[in-house]
Structures are given as C-alpha cells and as structure tokens.
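Here is the structure we will look at, set down as structure tokens.
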Amino acid sequence: YRFYEELEEQQPDAQARKNDLEVIAGALLESGSYTGALDLDYREFARLYQYVSSLGERYRHRCYLVLVTMDAKSDQTMYIDHIDKAMECMEKAIRQNIRKNDICTRYSSLQHLIILVEAEESYIPDILQRIFMNYYDATQDEISFPVTVEYRNDGTQHQDGTPGKQEGI
C-alpha cells in the first residue's frame, strides 16, 4: 500500500502536467524544424505514405503520389558521375519547388517519389513545370536526361495521353 501512496505524492498536479506538455510540444516543434519539402529515406517515406493515404480515406483529403523518372537511354554513353549529378539537381529542384508539407524521397538510381498533400490536380502541371525548369537550368543541358512523370490519386493512375503524365517538359 505504501507504494501507491508514494506514487500519489510524486504525481504532479494538473497545472504542472500542462506545463510539461507545453515544454514537450515546444521542443518537438523546434527539433523538427526544416525548410522546404520533407526529404525522407524510402522506409520512412513508405510509412508516411500509408499514414497520409489512410487519413485521406478517412477525412477525404487529397494526396497525389508522383513518380519522376529520368530516362537514360541504353545507347547514351553515361557515366556514373553524370547520373549522380543529374539526380542531385533533380532532388534540389524538387525540394525547392514543392511545399513544406509535401514529402519526397529518392526511389531508385533514376527515380524520385513525391507526395503532394492537399494539392489541387489542376496545379500539378505547374508544379512539375517549375521542377523541370529548375532542373534544366541547373544542369544546363550538359548532363540532363529526359524526364517522365506519372501521378496517381485514390488508386487512379494517369497514363500516357491523359493530363496526368507529362514527358520531359
């Protein structure tokens, strides 16, 4: 019985708990501060995509999954450093041209994935245009590769010939 009495004596009052929560919330906000889009490794990206998708289903939020693919033709003479430089330029262009609440990751050696949270579908071509212009400006056509994009929402994938897919703008 003494154990429970000690616990009661150590329990902070409601005001102290509220102050603790305020301190914790402030620390979480400050420790997680970042600029630009949230850039995650693939595992974290996948978990967040599942979470955002389930929120979207439950609360009718829109989120689009975008796949950006750099098209390296087999007949092109490619060097690893050119591919890496082009992918770095694409990553930078993506992070600079999507919002802070959007999420991106490098999916493969020639692909990036983006989650556009609460984006209007009609704005996606403009977002992609900004990304591509920034990418092509950064590479100055020296190391740039053609780019294709596909995106989907609520299980609907936009294929070639529809507004959803754009080829190297």
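Note: hydrogens, waters and symmetry copies are ignored here, and every other heavy atom, side chains too, is used.
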Pair Arg95-Cys104, side-chain contact (heavy atoms from CB on, under 4.5 Å): steps then yes or no: CA-CA 8 Å; Arg95 285 190 300 143; Cys104 62; 3.7 Å; yes
If you round to the nearest 0.5 Å, how far is [atom2] of [Y] from [atom1] of [X]?
| X | Y | atom1 | atom2 | answer |
| --- | --- | --- | --- | --- |
| Tyr64 | Glu121 | OH | CD | 4.0 Å |
| Arg99 | Glu118 | CZ | CD | 8.0 Å |
| Cys63 | Asn153 | SG | CG | 6.5 Å |
| Leu113 | Arg106 | CG | CZ | 12.0 Å |
| Asp102 | Leu116 | CG | CG | 5.0 Å |

Donor-acceptor pairs under 3.5 Å, side chain of residues 45-56 to any protein atom, not counting sequence neighbours: which ones?
residue, atom, partner, partner atom, Å
Ser53, OG, Tyr49, O, 2.9
Ser54, OG, Gln50, O, 3.4
Ser54, OG, Tyr51, O, 2.8

Audit row: Tyr151, Ile124, side-chain contact (heavy atoms from CB on, under 4.5 Å) steps and yes/no: CA-CA 9 Å; Tyr151 64 88; Ile124 293 175; 3.8 Å; yes
Please list, chain by chain and in numerical order, all residues satisfying side-chain contact (heavy atoms from CB on, under 4.5 Å) with [X], sequence neighbours excluded.
| X | result |
| --- | --- |
| Arg130 | Asn97, Asp126, Ile127 |
| Gln111 | Leu67, Thr69, Tyr107, Ser108 |
| Asp137 | none |

Is Arg62 salt-bridged to Glu120, going by a charged N under 4.0 Å from an acidic O? yes
Residues which pass side chain to side chain donor-acceptor pair (under 3.5 Å) with Glu44, listed by chain and number, not counting sequence neighbours: none
Taking Val68 as the fixed residue, which of Val147, Ile131, Leu110 is the one that meets the side-chain contact (heavy atoms from CB on, under 4.5 Å) rule? Val147
For the residue pair [X] and [Y], establish whether any side-chain heavy-atom pair is separated by less than 4.5 Å.
| X | Y | answer |
| --- | --- | --- |
| Tyr135 | Phe145 | yes |
| Thr105 | His112 | no |
| Phe132 | Val149 | yes |

Start with the C-alpha distance between Ile103 and Ile114, add both sets of side-chain angles, then the distance that settles side-chain contact (heavy atoms from CB on, under 4.5 Å), and finish with yes or no. CA-CA 6 Å; Ile103 308 158; Ile114 306 166; over 6 Å; no
Would you please name every residue forming a salt bridge (charged side-chain N to carboxylate O under 4.0 Å, His left out) with Glu88, sequence neighbours left out? none
Would Val66 and Glu150 count as a side-chain contact (heavy atoms from CB on, under 4.5 Å) here? Give the steps. CA-CA 6 Å; Val66 180; Glu150 296 178 67; over 6 Å; no
